[in-house]
Number of protein chains: 2
Amino acid sequence: MSDQTPAAGRFSGDSAAGGERSTGAPANGSEPRNIPDATVARLPVYLRCLVDMAETKTVTASSERLAEMAGVNAAKVRKDLSYLGSYGTRGVGYEVDNLIVQISRILGLTQDWPVVIVGIGNLGHALANYKGFAARGFRVAALVDADGSKVGEALGGLVVRHLDELPQIAADEHVAIGIIATPAPAAQDVADRLVASGVSSILNFAPAIVTVPPSVSVRKVDLSIELQILSYHQQRRGFAAIADAAAHSGSYGAVPEVASASQVDVSRAADA
Amino acid sequence: MSDQTPAAGRFSGDSAAGGERSTGAPANGSEPRNIPDATVARLPVYLRCLVDMAETKTVTASSERLAEMAGVNAAKVRKDLSYLGSYGTRGVGYEVDNLIVQISRILGLTQDWPVVIVGIGNLGHALANYKGFAARGFRVAALVDADGSKVGEALGGLVVRHLDELPQIAADEHVAIGIIATPAPAAQDVADRLVASGVSSILNFAPAIVTVPPSVSVRKVDLSIELQILSYHQQRRGFAAIADAAAHSGSYGAVPEVASASQVDVSRAADA
DNA sequence: TAGATTGTTAATCGATTAACAATC
DNA sequence: TAGATTGTTAATCGATTAACAATC
């Protein structure tokens, strides 16, 4: 754990993988197996596609169809799903309902995960009001802020409590996941408090790198970093357009920064 | 382009890389070079660390120091920075101010990027009020919503306009980057409209995969996916604790789902 | 000069992908 | 049986990392 996403990692962010050796052990009951990080990051995407399919009464899905919906290639889908076990039928495909069950089980979505949101600013408000949590088994159990003037505020059926109460709240509510939605300077302190309170998974929205013990998972969602990555590619297109225009002595008219290039090809952006 | 981050991703999310062949060409003026996706995703992180250093009047930074702040290893920092050119001094380190200039230039941050936010719900409000944009050269140029009842609302110094006006707005404001903050069902339509309006970089916050032409970059920020990845690792720790408790016939008391394991080791999470 | 630190090489590792035998 | 599609293998590719010569 202890990695910083990103986007890109991934991250996307980032993306360090480490530790375990994959054994390729077959699926069996509810035992944990070693699934590559890149695969784990795609399982929620497949799950969402399968749920969409189930809603339109689709009974089976081929790797080809699932790949198309998920925006990846079919070989990757089959390889990814093979880590879960053999849940497909040759010549037929995967049974949608069963695959939903299997992926949910592997991801731990069959249980409830109480979440605490720390930092009730603009983003904290948006998160507290977000309806998508409950649908996936993530229950917002508490809202916390260091600012006394915010304590007591009612929001999304909860009342904001003080950061100092975090250890008590975490214990009472069995909080497993903490979301940091504070300004950057507060992020490390909040992460330390979360860890001290027994929270071992953290989703960090603050534009700061937080350091945690190796037994804790951190994922980072960083708007500025995503925009800067887009800026890089956007700028690259601009250069390509200029090079192209120069080469052809032509004009691209109204949108000078968008064009194709022969020399510098337009690549896919990184993520994960 | 056309990849879906992730977070796994950047996933990261996701993380597909493709297309171009790296030539290892040296830095020279403002020419675009081929920088690996994984490196591009880390440059904004280094930039943030360097800006923090500059604020505390640090003049030079070694790869070791920068690595520590960024949460990566020093070899990676040196390799990443080597793609920009040779801006370090052996035996000394990197000059902080100069490196800020070089990374900013490579990322295209020396110019202004007008941004349009589509979807003014909870998240859209939070984004519209976010102060971190301007600081990095991302100027919110327009706010747009499909809901007529939101049109005309004043927010963060702007007035919300109707989605149908997007082509005009994009042209007038030279919008380069579109942020999708709508509910999932609207995301693909909005992406299509952005592309049709000439926007070639998209940051998608909606929990949906959007498909765009190859010349357009998409990065995905998906809260549910990040939480589900954390859930996987959290669950894994739970299994590990159980296996460990069984092996030692001991009790872990109040937090049964957290412990270390011999058999199933706890790995780092993916990201990118 | 001695110490420090970069920039680069080469080994290693993990992820992707095409191909195809297995089999429904 | 014929057609379709999985599950797996093996090749390839990109990213990470340790090591060290270059050099300030």
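To find a chain, count down the sequence lines: A is the first, B the second, and so on, and within it residues start at 1.
Atom OH of B:Tyr94 and atom C1' of C:dT5 are 9 Å apart (whole Å). Atom CD of B:Glu64 and atom C1' of C:dG7 are 15 Å apart (whole Å). If you measure from atom CG of A:Asp37 to atom P of C:dC13, you get 16 Å, rounded to the nearest angstrom. Whole-Å rounding puts the A:Asp80 CG to D:dG7 C1' distance at 13 Å. In this structure, NZ of A:Lys76 is placed 21 Å from P of D:dT5, rounded to the nearest angstrom. Taking atom CG of residue B:Asn34 and atom C1' of nucleotide D:dC13, one finds them 16 Å apart after rounding to whole Å. The interatomic distance linking A:Arg65 (CZ) with D:dA4 (C1') rounds to 17 Å, in whole Å. As rounded to whole Å, 16 Å separates atom C1' of D:dG14 from atom CD1 of B:Ile35.
By the side-chain hydrogen bond (donor to acceptor under 3.5 Å, both in side chains) test, A:Thr39 is found to be paired with A:Asp80, residues two or more places apart in sequence or in another chain being considered. Annotation: side chain to side chain contact (heavy atoms under 4.5 Å, CB included) contacts of A:Val51 (sequence neighbours excluded): A:Leu47, A:Glu55, A:Ile100. Shown here are the salt bridge (charged side-chain N to carboxylate O under 4.0 Å, His left out) partners of B:Glu68, two or more places apart in sequence or in another chain: B:Arg65. With sequence neighbours excluded, the residues that form a side-chain hydrogen bond (donor to acceptor under 3.5 Å, both in side chains) with B:Ser63 are B:Arg78. Evaluation of the side-chain hydrogen bond (donor to acceptor under 3.5 Å, both in side chains) rule for B:Thr58 yields B:Thr56 as partners, not counting sequence neighbours. For B:Asp189, the side-chain hydrogen bond (donor to acceptor under 3.5 Å, both in side chains) partners two or more places apart in sequence, or in a different chain, are B:Arg193.
Nearest to the side chain of A:Ser62, among D:dT16, C:dT16, D:dT5, sits D:dT5. Side-chain proximity of B:Ser82 to the nucleotides C:dT16, D:dG7, C:dG7 is greatest for C:dG7.
Atom CG of A:Leu99 sits about 5.0 Å away from atom CG of A:Leu50, to the nearest 0.5 Å.
For residues 83-99 of chain A, no residue pair satisfies the salt bridge (charged side-chain N to carboxylate O under 4.0 Å, His left out) rule, not counting sequence neighbours.
When the side-chain nitrogen and oxygen atoms of A:Tyr83 are compared with OP1 and OP2 of C:dG14, none of them lie within a distance under 4.0 Å.
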The dot-bracket string of DNA chain D, counting Watson-Crick and G-U wobble pairs with both distances under 3.5 Å, using [ ] for crossing pairs and | for pairs to another strand, is ..||||||||||||||||||||||

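Side chain of A:Arg42 to backbone of A:Asp37: no donor-acceptor contact under 3.5 angstrom is found.
At a threshold of 4.0 angstrom between heavy atoms, the contacts of A:Ser63 are confined to the sugar-phosphate backbone, with no base atom among them.
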Protein-proximity profile, nucleotides 18-24 of chain D, B/S/- by nucleotide at the 4.0 Å heavy-atom cutoff, equals BBB-BBB

